[in-house]
Amino acid sequence: MRKLVALPVLSADALSSVAYGPEAMLAVLVLAGAAGLRYSVPIAVTIVFLMLAVGVSYRQTIRAYPHGGGSYIVATANLGRVPGLAAAAGLVTDYILTVAVSIASGMAAVTSAIPSLEPDIVPIGVVVIAVLLAGNLRGVRQAGALFAAPTYAFVLAVLALVAVGLSDAAGHGFHPSATPQPTATEGISLLLVLRAFASGSTAMTGIEAISNAVPAFQPTEWRNARTTLTWMVGLLVALFAGTIALVHLDGVVPRANETVLSQLAHHTFGSGFFYVFTQAATAAILLLAANTAYNDFPRVLYLLARDRQAPRIFLRLGDRLAFSNGIILLSVAAAAIYAAFGGKTGPLIPLYAVGVFLAFTLSQTGMVVHWWRLRDRHWRKSLAFNATGALLSAIVFVTAGITKFTEGAWFAVLTVGLFILVTTRIRHHYDTVGAAIALHPHAVEVPSRTITPPRSGDGATRGTSQTPGTAPGAPFETTAEAESEETPEEIHPLSIVPIAALDQAGMRALAYAASLRQPVLALHISPSSDEAQRFREYWNLWGDHLPLKIVLSPYRAIVAPLVNYIESLHHQRPDLTLTVILPEIVVRHWRHRLLHNRLAARLRRALRPLPKVVVTTVPFHV
């Protein structure tokens with residue numbers, strides 16, 4: 001991506017937090033009345049310093065990880081598996097709450113302009129999440145001017161709001177307007193100030209996005225990413241500081257039925273076009289920020305599944321090349337949380353801060369360890385920047401966890417703990433299964449002779465190639481013509497054994513197929529040419545006892561390439577009766593079944609319309 005496109009697309013989450021971060025801080029301070037609101041400026045200055053420190057820290061992360069360095073990757077590589085899982089837990093919580101908070105804040109922007117919609121914010125918000133779900137399942141992606149426009153519109157709207165507001169204030173000598181005197185329900189205390197600081201710090205969410213997406217930039221990728229990050233942090237500081245300055249000068253206090261940003265726009269622009277534009281731009285960027293999570297959340301689950309710390313179903317790409325299972329899980333979780341909290345932004349903020357700053361803290365701590373180990377040029381300066389970012393992020397994390405524990409932070413802390421427990425148990429199960437099915441000497445007897453499939457035009461010779469060129473859906477013989485065999489002699493069988501790895505389950509399926517004394521073809525679906533070559537070497541080491549066909553599937557799909565190949569083979573050799581023999585791992589406990597692909601059932605459904613195709617399984621009990 002060009003920087004002009006990458007900036008709005010990757011900064012939507014961070015910049016949109018200006019719509020709720022300052023208000024979350026003020027909502028805590030107003031509990032102490034006018035005396036509490038006086039602390040808004042010093043707290044905002046502290047948050048601005050935190051933004052700058054964390055932004056500089058992530059510039060070091062981009063330099064160290066030019067291929068993308070998210071919190072999970074950095075923490076796992078430098079701190080170990082459990083801290084990496086804790087960082088992943090923070091990210092997963094962050095992305096789910098990004099959707100819920102963005103939709104809630106977007107609905108607040110809409111109802112500030114159209115108060116009559118207030119009673120219906122929950123069903124409308126759930127419908128919006130459903131629309132995001134449908135769009136992302138169809139492969140909608142953030143790209144180009146379509147997705148850049150809302151961010152640029154919001155930036156222009158808020159910058160115009162700040163500029164006009166400050167210009168008006170200059171005409172009055174920058175004397176603050178009379179502030180309403182809200183009733184104090186709490187006294188000024190250190191705890192109150194820390195709670196406000198933790199709430200306001202949620203304006204930093206999304207800063208990590210650019211460090212995750214370094215490979216998406218034009219060359220030189222890491223330089224362009226660092227430049228884009230600098231612009232993002234600069235805009236975030238300007239929008240946040242400008243908003244707080246106007247709040248202070250205009251004497252705005254949080255209201256239950258209107259957002260702070262809406263009040264500022266009303267005060268500055270009146271109720272005309274520019275007010276409507278500001279509210280529409282705010283709602284649009286919040287919707288875009290929610291959609292950002294649909295790219296990042298499934299990616300984290302994919303990385304966890306790749307490391308055997310999440311169910312393998314999250315490795316699977318859908319027909320539109322989207323991680324469908326992760327998208328569905330995100331939508332269900334976000335909709336449930338949004339509805340449970342009544343579509344209100346305020347109660348969600350305590351949960352938000354914990355996950356965000358846990359990921360920040362572990363990522364920056366991992367970078368400190370990285371520089372300490374590497375010690376290349378300028379490592380001391382980089383270490384100092386990351387150490388500062390880690391320390392400040394840890395302070396916010398601890399502050400949010402303690403001061404907002406009873407307000408809902410306990411739920412976020414509990415979620416992180418349960419996430420680590422569940423992912424650790426998943427890893428243990430996969431390790432146990434891996435040890436049980438691993439090959440060892442004399443585990444499987446090899447066939448006593450090589451059994452080959454028919455040679456006449458079936459395309460199933462030894463070697464590695466792409467899927468045959470016949471397009472799926474080519475015309476086949478009718479069932480009456482193709483399935484007219486009445487005696488065993490009329491059936492010409494060919495057994496196809498899809499095999500993912502040379503393990504005991506796969507070898508058992510191959511041995512079973514060979515024992516039938518009919519032609520056998522092993523079929524391997526490989527995600528890349530390198531993986532295909534590696535599997536071919538393993539196959540040759542085993543002895544190359546059976547013909548092998550390797551089909552490349554760069555998007556890690558399994559069922560579609562299998563069906564495509566079988567359809568093509570059936571079209572080339574309609575006289576053959578194809579028996580697809582699948583190895584299947586059978587586990588003892590029902591809860592473990594979710595961790596293994598139900599390939600046999602999916603393949604049966606896909607192949608049922610084809611005549612002369614049989615699907616069977618060879619179970620391997622663990």
Side-chain angles (χ1 to χ4, degrees), residues 15 17-52 105 108-109 112-113 154-204 234-272 274-275 278-279 282 345-346 349:
L15 297 180
S17 61
V18 173
Y20 51 81
E23 184 164 7
M25 178 187 72
L26 295 170
V28 176
L29 292 176
V30 79
L31 298 176
L37 292 173
R38 294 192 189 100
Y39 286 85
S40 62
V41 173
I43 293 175
V45 170
T46 306
I47 293 173
V48 165
F49 176 75
L50 180 61
M51 290 175 178
L52 294 172
S105 188
S112 294
F154 177 76
V155 170
L156 289 174
V158 178
L159 287 179
L161 174 66
V162 171
V164 175
L166 291 178
S167 177
D168 292 342
H172 301 88
F174 291 104
H175 293 298
S177 301
T179 304
Q181 300 297 316
T183 303
T185 57
E186 293 185 25
I188 296 290
S189 65
L190 177 62
L191 182 62
L192 180 79
V193 172
L194 291 176
R195 284 165 55 197
F197 172 64
S199 295
S201 296
T202 55
M204 295 175 54
L235 285 172
L236 179 60
V237 168
L239 298 181
F240 180 83
T243 301
I244 293 297
L246 284 189
V247 167
H248 177 69
L249 292 170
D250 293 348
V252 169
V253 297
R255 295 179 188 171
N257 59 347
E258 186 177 10
T259 65
V260 167
L261 206 57
S262 175
Q263 292 182 62
L264 291 174
H266 258 141
H267 187 274
T268 304
F269 297 135
S271 300
F274 288 107
Y275 170 76
T278 301
Q279 293 304 101
T282 301
T345 306
I349 293 298

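Scope of the values below: all heavy atoms of this structure, side chains included, with no hydrogens, waters or symmetry mates. Just so you know, these numbers come straight off a predicted model, no measurement behind them.
The two residues Ser105 and Thr345 make their nearest non-hydrogen contact at N-OG1, 3.3 Å. For the residue pair Ser17 and Leu236, the shortest heavy atom distance occurs at OG-CD1, 4.2 Å. Nearest heavy atoms, Thr259 versus Ala109: CG2-N, 4.2 Å. Across all non-hydrogen atoms, the minimal contact from Thr202 to Ile349 is CG2-CG2, 3.9 Å. What you find for Ala265 and Leu161 is that their closest heavy atoms are CA-CD1, 3.7 Å.
Put simply, the side chain of Leu50 reaches to within 4.5 Å of the side chain of Phe197, judged on heavy atoms.
Rounding to the nearest 0.5 angstrom, the gap separating the CZ atom in Phe174 from the CG atom in Asp168 is 10.0 Å.
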Extract all donor-acceptor atom pairs below 3.5 Å that involve side chains of residues 39-47 and protein atoms in other chains or at least two apart in sequence.
residue: Ser40; atom: OG; partner: Leu37; partner atom: O; Å: 2.9
residue: Thr46; atom: OG1; partner: Pro42; partner atom: O; Å: 3.0

Name the atoms and distances for all side-chain donor-acceptor pairs under 3.5 Å in residues 19-27, with sequence neighbours left out.
residue: Tyr20; atom: OH; partner: Thr205; partner atom: OG1; Å: 3.3
residue: Glu23; atom: OE1; partner: Val260; partner atom: N; Å: 3.4

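Taking the side-chain hydrogen bond (donor to acceptor under 3.5 Å, both in side chains) definition, one finds that Ser199 meets it with Lys404, sequence neighbours left out. For His266, the ring-ring contact (aromatic ring centres under 6.0 Å, His included) partners two or more places apart in sequence, or in a different chain, are Tyr275. The side-chain contact (heavy atoms from CB on, under 4.5 Å) check on Ala35 picks up Arg38, Ile188, with sequence neighbours excluded. Remark: Val162 engages Val158, Leu166, Leu246 in a side-chain contact (heavy atoms from CB on, under 4.5 Å) (not counting sequence neighbours).
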For Leu261 and Ser112, run side chain to side chain contact (heavy atoms under 4.5 Å, CB included): C-alpha distance rounded to whole Å, both residues' side-chain angles, the deciding distance at 0.1 Å, then the answer.
CA-CA 9 Å; Leu261 206 57; Ser112 294; over 6 Å; no
Show your reasoning for whether side chain to side chain contact (heavy atoms under 4.5 Å, CB included) applies to Leu191 and Glu186.
CA-CA 11 Å; Leu191 182 62; Glu186 293 185 25; over 6 Å; no
For Phe274 and Thr268, what are the C-alpha separation, side-chain angles and deciding distance, and is it a side chain to side chain contact (heavy atoms under 4.5 Å, CB included)?
CA-CA 9 Å; Phe274 288 107; Thr268 304; over 6 Å; no
